[in-house]
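Reviewing the structure listed below.
Atom set for the values below is all heavy atoms of this structure, side chains included, hydrogens, waters and symmetry mates excluded.
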Amino acid sequence: MGRSYECSGDFADMSSYLSRCHSCRVERGCFMVYDRPNYMGNQYFMRRGEYADYMSMFGMNDCIRSCRMIPMYRGSYRMRIYERENFGGQMYEMMDDCDNIMDRYRMNNCMSCHVMDGHWLMYEQPHYRGRMMYMRPGEYRNFMNMGWSGARFMSMRRIMDSYY
């Protein structure tokens, strides 16, 4: 209800078009939405569907302030996770989902990573729970520099073409 704005790609600051965005509809593709401008703050993965009450759905106090489109990807998936920041400590290479790095790798923390192939969602708790962060190909040396306090991840999931 109310004013609307349509976007088909990345949008760093919605405030110039909507003072508050509390609901959305994803017609095609997948998006990450953020509760702060410039792709900062809490992140939420949205695929095709209607999200009529964003705030109650995610237990949020605020509204959508920015969004990023996740491109469809059909290749192989590969990511290296590291126990410490700056690619330190134990390292494991992943090519599929992992619901608990402690159970699979005996690893207490994941504090940096290198995404070689694919797009991933990383979660702060096992079994894909808690806050999440979208990772596209690139090097992520220190999650704390990305605005995460406590900055560690315990489960990872590939963003597959079946989500589209």
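Taking CD of E124 as the reference point, atom CE of M154 lies at 10.5 Å (rounded to 0.5 Å). Here the SG-CE distance, from C98 to M107, works out to 9.5 Å after rounding to the nearest 0.5 Å. Atom CZ of residue R74 and atom CG of residue D161 lie 5.0 Å apart, to the nearest 0.5 angstrom. Within the model, atoms CD1 of I81 and CD1 of I101 stand 5.0 Å from one another, a figure rounded to the nearest 0.5 Å. Here the CD1-CZ distance, from I159 to R157, works out to 10.0 Å after rounding to the nearest 0.5 Å. Atom-to-atom distance recorded for L121:CG and M135:CE is 10.0 Å, nearest 0.5 angstrom.
F45 is listed as a side-chain neighbour of M132, based on a closest heavy-atom distance under 4.5 Å. Looking at M32 and I70, their side chains come closer than 4.5 Å, going by heavy atoms from C-beta outward. Between I64 and Y44 the shortest side-chain heavy-atom distance does not fall below 4.5 Å. At a threshold of 4.5 Å between non-hydrogen side-chain atoms, the residues Y51 and M46 count as touching. E50 has its side chain out of reach of C24: every pair of non-hydrogen atoms, C-beta onward, lies at least 4.5 Å apart. Annotation: side chain of H127 is in contact with side chain of N100 (closest heavy-atom distance under 4.5 Å). Residues Y134 and H119 have side chains in contact (heavy-atom distance under 4.5 Å, counting atoms from C-beta outward). Between M122 and C110 there is a side-chain heavy-atom pair separated by less than 4.5 Å.
The shortest non-hydrogen separation linking D117 to W120 is O-NE1, 3.2 Å. The minimum heavy-atom distance linking D35 with R65 is given by the pair O-CG, 3.1 Å.
Scored by the salt bridge (charged side-chain N to carboxylate O under 4.0 Å, His left out) test, R68 finds D10 as partners (sequence neighbours excluded). Legend: residues meeting side-chain contact (heavy atoms from CB on, under 4.5 Å) with M116, ordered by chain and number and at least two apart, are R78, R80, E93, H114. Partners of Y92 according to the side-chain hydrogen bond (donor to acceptor under 3.5 Å, both in side chains) rule, which considers only residues two or more places apart in sequence or in another chain, are Q90. Remark: Y140 engages no residue in a ring pair (Phe, Tyr, Trp, His ring centres under 6.0 Å) (not counting sequence neighbours).
Ring centroid separation for the pair F153 and F143 comes in under the 6.0 Å cut-off.
Looking at S112, its side chain never comes within 3.5 Å of a backbone N or O of N142 through a donor-acceptor pair. Remark: the backbone N or O of N108 is not paired with any side-chain donor or acceptor of Y105 at under 3.5 angstrom.
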**Request:** Check step by step if side chain to side chain contact (heavy atoms under 4.5 Å, CB included) holds for Y39 and S66.
**Result:** CA-CA 6 Å; Y39 319 113; S66 56; 4.0 Å; yes
**Message:** Checking M133 against R131 for the side chain to side chain contact (heavy atoms under 4.5 Å, CB included) test, could you report, in this order, the C-alpha distance in whole Å, the side-chain angles of both residues, the deciding distance, and whether it holds?
**Reply:** CA-CA 7 Å; M133 184 172 281; R131 294 185 304 169; over 6 Å; no
**Request:** For M14 and C67, run side chain to side chain contact (heavy atoms under 4.5 Å, CB included): C-alpha distance rounded to whole Å, both residues' side-chain angles, the deciding distance at 0.1 Å, then the answer.
**Result:** CA-CA 8 Å; M14 293 183 174; C67 68; 3.7 Å; yes
**Asked** Passes side chain to side chain contact (heavy atoms under 4.5 Å, CB included), R136 versus V115? Steps please.
**Response** CA-CA 7 Å; R136 53 189 176 182; V115 176; over 6 Å; no
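For the pair R158 and Y77, the cation-pi criterion (under 6.0 Å, within 45° of the ring axis) is fulfilled.
Applying the 6.0 Å contact sphere to CE of M95 captures no more than 12 heavy atoms from other residues, nucleotides or ligands.
Y82 belongs to a hydrophobic cluster with F87, M91, counting contacts under 4.5 Å between side-chain heavy atoms of Ile, Leu, Val, Met, Phe, Trp and Tyr, direct or through other members.
Evaluated for a side chain to side chain contact (heavy atoms under 4.5 Å, CB included) with C30, the options M69, R48, R47 yield exactly one hit, R47.
Within the structure, the salt bridge (Lys or Arg N to Asp or Glu O under 4.0 Å) test picks out the following pairs touching residues 99-113 (sequence neighbours left out): D96-R104.
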